[in-house]
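As the structure is a prediction and not an experimental result, all values here were calculated from the model.
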Amino acid sequence: MDEKTKKYLKYGLHVAILLGVIWAAAKYINGEEVIAALRQFNYSLAPLMLALSVATLLLKATRFHFLLRPFAPDLPSLTIYKAYIAGQGATVLPGGIAARAGLLKQIDVPVSEGGVAVLVNSLIDQAFFIVIGLITALWYPQARLPGLIILAVLAIASLLFIFEPSRNWIARMAERLAERLNVAEQWHNFLSCLPSVLTKKILLAGFVATTLAFAFFVIVLRLALQGVGLSVAYPAVLLAFILPTMLGRIVPIPAGLGVTEATMVGFLTAVAAVDAAAAVAAVAIFRIAAIFIPILIGALVYFFWWRGEEELTRSKRKMESVRASNLDL
């Protein structure tokens with residue numbers, strides 16, 4: 001990587017992380033409803049919520065570790081964890097997950113390989129949202145219609161990939177699109193790298209980490225509701241978390257701005273019959289704990305513990321030191 005690329009990458013990441021933190025702060029800790037929520041919240045629940053939020057971040061970093069390991073077998077685990085967490089601040093921006101590929105590029109992991117880990121890491125979340133959302137929605141009449149619509153769309157998409165003629169047609173269209181966008185080489189590299197992460201071991205580890213992470217998110221939302229005096233059954237909390245978050249990811253708005261919160265409040269009032277004002281307060285607290293806190297942690301890791309290209313140098317020195325110690329033994 002030449003010096004000019006390093007310079008642009010370094011300052012581009014600085015800007016992306018900083019903008020992500022500013023955006024998240026403006027969105028999740030400002031506003032009259034947030035101030036009101038913070039005043040009425042039962043802070044004895046805060047430590048557990050923060051612990052679960054941090055645990056969720058570490059679980060997703062662990063999943064990323066498994067996905068990246070085939071492409072960087074000699075990279076220290078701590079460096080992989082730092083790369084994932086340091087990129088958290090940019091994830092609220094459009095296309096912000098690409099910042100992680102930029103961080104990996106700083107430590108000589110090619111974008112064609114690091115991008116596979118980044119993309120599959122995100123796709124696992126999307127698949128979980130869809131599957132769990134559909135299963136949950138079918139239990140509630142208020143959400144059954146949109147759930148059935150999504151299920152029908154997925155069924156049609158699955159049929160297109162099952163039959164060889166339609167599957168080949170999709171492959172040709174993807175190839176033409178890549179050529180038109182002048183990214184054919186990157187597309188071929190991506191396809192060649194993809195089988196490396198689609199192994200039983202990696203997918204099983206990803207499934208376990210994702211399941212635990214989703215469970216922790218639901219518990220955090222349940223604690224947020226409890227903190228403002230609301231008692232809601234876990235199935236309703238699961239629905240109120242899954243469907244609005246999935247909808248917020250679909251709409252082309254950074255972090256589902258406004259859409260996720262409004263839909264979450266709507267589901268809570270419709271399904272659990274809770275007071276709308278209290279639901280607004282609980283959702284505000286939940287979004288601070290589940291989104292802003294990990295972003296803040298990621299920014300701290302990036303600005304104080306991430307050393308860019310020096311991470312690779314430190315890793316090599318550490319490996320050489322370990323090898324020397326083994327030889328002495």
Side-chain angles (χ1 to χ4, degrees), residues 23-57 59-60 88 91-92 125 128-129 132-133 135-137 139-143 146-147 212-251 253-297:
W23 175 274
K27 173 59 189 169
Y28 298 119
I29 63 175
N30 288 327
E32 293 181 3
E33 71 278 2
V34 177
I35 301 300
L38 292 173
R39 287 174 179 169
Q40 69 180 93
F41 184 68
N42 178 6
Y43 282 94
S44 65
L45 301 173
L48 179 56
M49 293 177 66
L50 293 177
L52 290 172
S53 181
V54 172
T56 300
L57 181 61
L59 281 168
K60 292 193 173 187
Q88 190 70 19
T91 56
V92 293
D125 271 346
F128 246 74
F129 273 116
I132 302 300
I135 294 173
T136 310
W139 290 93
Y140 289 91
Q142 299 92 331
L212 290 173
F214 272 61
F216 287 170
F217 272 133
V218 173
I219 295 173
V220 171
L221 179 55
R222 177 65 174 76
L223 290 171
L225 290 162
Q226 183 180 338
V228 296
L230 297 176
S231 180
V232 181
Y234 271 106
V237 176
L238 176 62
L239 179 65
F241 166 67
I242 292 290
L243 292 182
T245 307
M246 184 171 65
L247 181 61
R249 291 186 173 212
I250 294 173
V251 297
I253 301 174
L257 175 62
V259 176
T260 303
E261 293 88 345
T263 312
M264 196 172 285
V265 171
F267 271 104
L268 285 169
T269 55
V271 174
V274 299
D275 177 69
V280 169
V283 169
I285 295 293
F286 168 74
R287 297 285 270 178
I288 291 173
I291 297 180
F292 179 73
I293 295 300
I295 286 173
L296 182 60
I297 292 172

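- In this structure, the separation between CD1 on Ile291 and OG on Ser53 is 9.5 Å, given to the nearest 0.5 Å.
- Shown here are the side-chain contact (heavy atoms from CB on, under 4.5 Å) partners of Leu50, two or more places apart in sequence or in another chain: Ile293.
- For the residue pair Ala37 and Ala284, the shortest heavy atom distance occurs at CB-CB, 4.3 Å.
- Contact between Leu223 and Phe41 at its shortest, heavy atoms only, is O-CE1, 4.2 Å.
- Contact of the Phe286 side chain with the Met49 side chain is not registered, since no non-hydrogen atoms from C-beta on lie closer than 4.5 Å.
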In residues 269-277, what donor-acceptor pairs under 3.5 Å come from side-chain atoms, sequence neighbours left out?
from	atom 1	to	atom 2	distance (Å)
Thr269	OG1	Val265	O	3.1
Thr269	OG1	Gly266	O	2.9
Asp275	OD2	Ala277	N	3.2
Asp275	OD2	Ala278	N	3.0

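- Taken to the nearest 0.5 Å, the OG1 atom of Thr245 stands 4.0 Å off from the CE atom of Met264.
- No side-chain heavy atom of Gln88 sits less than 4.5 Å from a side-chain heavy atom of Ile297.
- Contact detail for Val220 and Ala289: the closest heavy-atom pair is CG1-CB, 4.0 Å.
- Looking only at side-chain heavy atoms (C-beta outward), Asn42 and Leu45 come within less than 4.5 Å of each other.
- Annotation: the span from Leu221 atom CG to Leu52 atom CG amounts to 12.0 Å, rounded to 0.5 Å.
- Because its NZ or CZ atom is both nearer than 6.0 Å to the ring centre of Tyr234 and within 45° of the ring axis, Arg222 counts as a cation-pi partner of that residue.
- In this structure, CD1 in Ile288 is found 11.5 Å from CG in Leu296, a value given to the nearest 0.5 Å.
- Pairing each heavy atom of Leu230 with each of Ala279, the nearest pair is CD1-N, 3.9 Å.
- Evaluation of the ring-ring contact (aromatic ring centres under 6.0 Å, His included) rule for Phe128 yields Phe207, Phe214 as partners, not counting sequence neighbours.
- Qualifying side chain to side chain donor-acceptor pair (under 3.5 Å) partners for Ser231, counting only residues two or more places apart in sequence or in other chains: none.
- Remark: Ala215 pairs with no residue by the side-chain contact (heavy atoms from CB on, under 4.5 Å) rule, at least two apart or across chains.
- Between Gln226 and Val232, every side-chain heavy-atom pair lies at or beyond the 4.5 Å cut-off.
- Every residue meeting the ring-ring contact (aromatic ring centres under 6.0 Å, His included) condition with Phe217, not counting sequence neighbours, appears here in chain and number order: Phe241.
- Taking all atoms of both residues into account, the shortest heavy-atom contact from Phe267 to Pro244 is CD1-CG, 3.6 Å.
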